[in-house]
Amino acid sequence: MNFPVTYREYIAWPLIFGAGLIALWYAVKHAFALPAYTLPAPHEVLAALRDERGVLARAAFATAKGSLTGFSAAVGLGFALSLLIAAFRILRIGLYPYVIFMQMVPIIATAAIIVTWLDAGLPSVAAIAFLIGFFPVVASTVAGLHSVPTKQVELFRLYKARPWQELFLLRVPSSLPYFFTGAKIAATLAVIGSVTGEIFAGSTARGGGLGFMILIYKSSVNTPGIFAATLLCCILGFLFVGTVLLLKRMLLRKWHDSLDTDFNPL
Amino acid sequence: MAAVACLATLAGCGKAGDGPAEPTPDNPFRVVLQTDWFAQPEHGGFYQALEKGYYREAGLDVEILEGGPNAMSVQKVLSRRAHFAMNRADTVMTFAKRDMPVVMVMATLQHDPQGILLHADDPAQTVEDLDGRRVMAVPGLAWIAYVERKYGITLDIIPHDFGMDRFLADPRFIQQCLVTNEPYYMEKHGAEVRVLRLSETGFNPYHGIYCRKDFAEARPDIVQRFVDASIRGWTDFIEGDPAPAFAAIAARNPKMTPGFMAYARDRLVEDRLVTGFPERGEAVGRLDPERMRALRDELHALGILEERTPLASFFTGEFLRRDGERPR
């Protein structure tokens, strides 16, 4: 069933489905006569986006900063810890189970604790964005470092490659697709983490952030505003993931044929 | 499909509201009151009316629902899961601005108990001195914009976590409070505190009870009974023995100790938060249209309300027409 898909279809179908979903939105609103404070219409959300563009732009910038800081730390430190785990057997056996365990910690509970430690502001928000992305990066990368074909490992050992050569010249390159899968998860979660962080640790001084704006819109019963801020969260997350996929494509183009799966849904 | 059913509920397809045409103590009309927080002395009059049977005498079977940070009170009233809920007049004005069909029918507090809690040795002496300071508060509340614009200051607001740890840990911490509440607990934990009352800045909205407009129109008799019995309960709670309300509150909320409840009631009594000042025409439950108008005009002048929302869209004096008072 592998029909060739034209680029025209890549544009047409999403547009058709998008229009259908918006029509459904209007239909539900109309059928139940829902007021704007319960379910704003798409055009009311856009109007809120326009009316609040100044504060929302500042908030989106703050959220992007928190997400980017947290994400970079998650990827950098996550990759470093993965290397250590791959290099030292004790760490793999002793520490790795806890890394997997830490993935289960609900971020909302962590957020409440972190804000009491680090106070409100960017450090707290970035720390939460970091924590939510760090463990998926480690879990994926470690898995990648250990899924090198046995024959290649045997070849390295046959030629008496040193352990560091085996790690950096064999395991690291072949783990990159796994690493990018982790990074992609971290990119999606970074925005979620940042917004969650802002609900606990936002502050007007740093432009609030989208999570903080959602609190403000909630207490002033501005439902279209909540929808507008949420829409911006989605767009931000999309940009983050898009950037990671682009980097992956640039770095791995020549190496791995697993590449196109992210872009080609068939 | 579940989502659609959910939305149908939100739209409010007939819920509470039906009951006997002529309710009696034996055949009462069932009424749900959604309070704004967990059971506490600030709701004392309602529990007093419940415990002493004033509602029952009035032909009402009242259920009091406790609130909390996620009570979603106005949604409950709009979807008819509750008949009455509590909030400040400024928030009820915001509801009107968003085309939510609710009206305030009585006051619970004549004066705003909100304040800003500081450590006693904090250099700030007035709200104006808080320019640039970090304040833990509920983001988006009208008082924040009010004091910022009135005094030309900026507060660095961080979200309220409804806890005390950060205040106790940081000698320069500042947070929003109720004069009837946090100072007691902070002092219990050894902190010396000071409160800047928001009412002193001129921001002094009523706290009161609101309901759906169509409910007030369809069953004015029920609203009248509820308002009368609640005023009776509040009067008794403030002037008489508060023990029945205290017992009911402590039974629902074990954190409410006799010491705290006595403190909170003392504040309500001594600061005349419930009775107001009779020489200014204030009384239990009373809503003065002039004060409502003044608050609306000031919020409008400061740009917090975009338009001068008509009084009738968020307030009615219909149920408080004793002493010949008429809403204007």
Side-chain angles (χ1 to χ4, degrees), chain A residues 24-25 27-40 44 48 51-52 55 59 108 111-122 124-125 195-226 229, chain B residues 1 3-13 69-70 72-75 78-79 87-88 90-102 132-145 148 154-166 168-170 173 304-306:
Chain A
L24 182 67
W25 184 342
V28 168
K29 185 176 162 68
H30 185 74
F32 297 105
L34 297 174
Y37 53 75
T38 304
L39 181 70
E44 287 166 323
D51 296 343
E52 300 284 312
V55 272
I108 225 144
I113 298 166
I114 286 179
V115 66
T116 59
W117 288 346
L118 299 181
D119 201 359
L122 180 65
S124 276
V125 172
V195 169
T196 309
E198 285 153 2
I199 287 175
F200 288 87
S203 140
T204 28
R206 55 172 292 268
L210 293 170
F212 192 75
M213 289 315 297
I214 287 171
L215 282 183
I216 289 188
Y217 294 142
K218 181 174 166 249
S219 66
S220 49
V221 273
N222 184 352
T223 315
I226 298 177
Chain B
M1 219 45 229
V4 172
C6 219
L7 285 169
T9 319
L10 286 175
C13 305
N70 295 312
M72 297 283 145
S73 303
V74 71
Q75 282 81 355
L78 288 170
S79 60
N87 218 317
R88 287 176 320 279
D90 58 292
T91 302
V92 180
M93 285 181 203
T94 313
F95 294 160
K97 185 174 86 178
R98 308 279 181 217
D99 298 323
M100 295 178 166
V102 294
R133 296 285 298 275
R134 176 166 283 190
V135 179
M136 181 165 82
V138 178
L141 288 188
W143 71 262
I144 300 170
E148 285 189 333
T154 311
L155 303 178
D156 178 15
I157 299 297
I158 58 172
H160 212 304
D161 63 7
F162 305 103
M164 304 192 298
D165 319 1
R166 289 154 85 187
L168 292 171
D170 176 354
F173 203 78
I304 297 163
L305 277 181
E306 287 121 36

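Scanning for side chain to side chain donor-acceptor pair (under 3.5 Å) contacts around Asp90(B) gives Arg88(B), with sequence neighbours left out. Partners of Arg134(B) under the salt bridge (charged side-chain N to carboxylate O under 4.0 Å, His left out) rule, at least two apart in sequence or in another chain, are Asp119(A), Asp156(B). With sequence neighbours excluded, the residues that form a side chain to side chain donor-acceptor pair (under 3.5 Å) with Tyr217(A) are Glu52(A).
The line from CE of Met100(B) to OG1 of Thr223(A) is 5.5 Å long, rounded to the nearest 0.5 Å.
Of all the listed residues (Gly140(B), Gly132(B), Pro159(B)), the one sharing the greatest number of non-hydrogen pairs under 4.5 Å with chain A is Pro159(B). Of the residues considered (Val115(A), Ile199(A), Val221(A), Thr116(A)), Val221(A) shows the highest number of contacts with chain B, using heavy-atom pairs under 4.5 Å. Note: Ser220(A) leads Ser220(A), Ala112(A), Ala36(A) in heavy-atom pairs under 4.5 Å with chain B. Among Ile144(B), Ile157(B), Val74(B), Leu155(B), the residue making the largest number of heavy-atom pairs under 4.5 Å with chain A is Ile157(B).
Here the shortest heavy-atom pairing between Leu78(B) and Tyr37(A) reads CD1-CE1, 3.3 Å. When every heavy atom of Leu141(B) is checked against every heavy atom of Ser219(A), the shortest pair comes out as N-OG, 3.9 Å.
Along residues 91-98 of chain B, the residues that come nearer than 4.5 angstrom to chain A, judged on non-hydrogen atoms, are Thr94(B), Phe95(B), Arg98(B) in order of number.
For Lys29(A), no part lies near chain B; criterion is any non-hydrogen pair under 4.5 Å.
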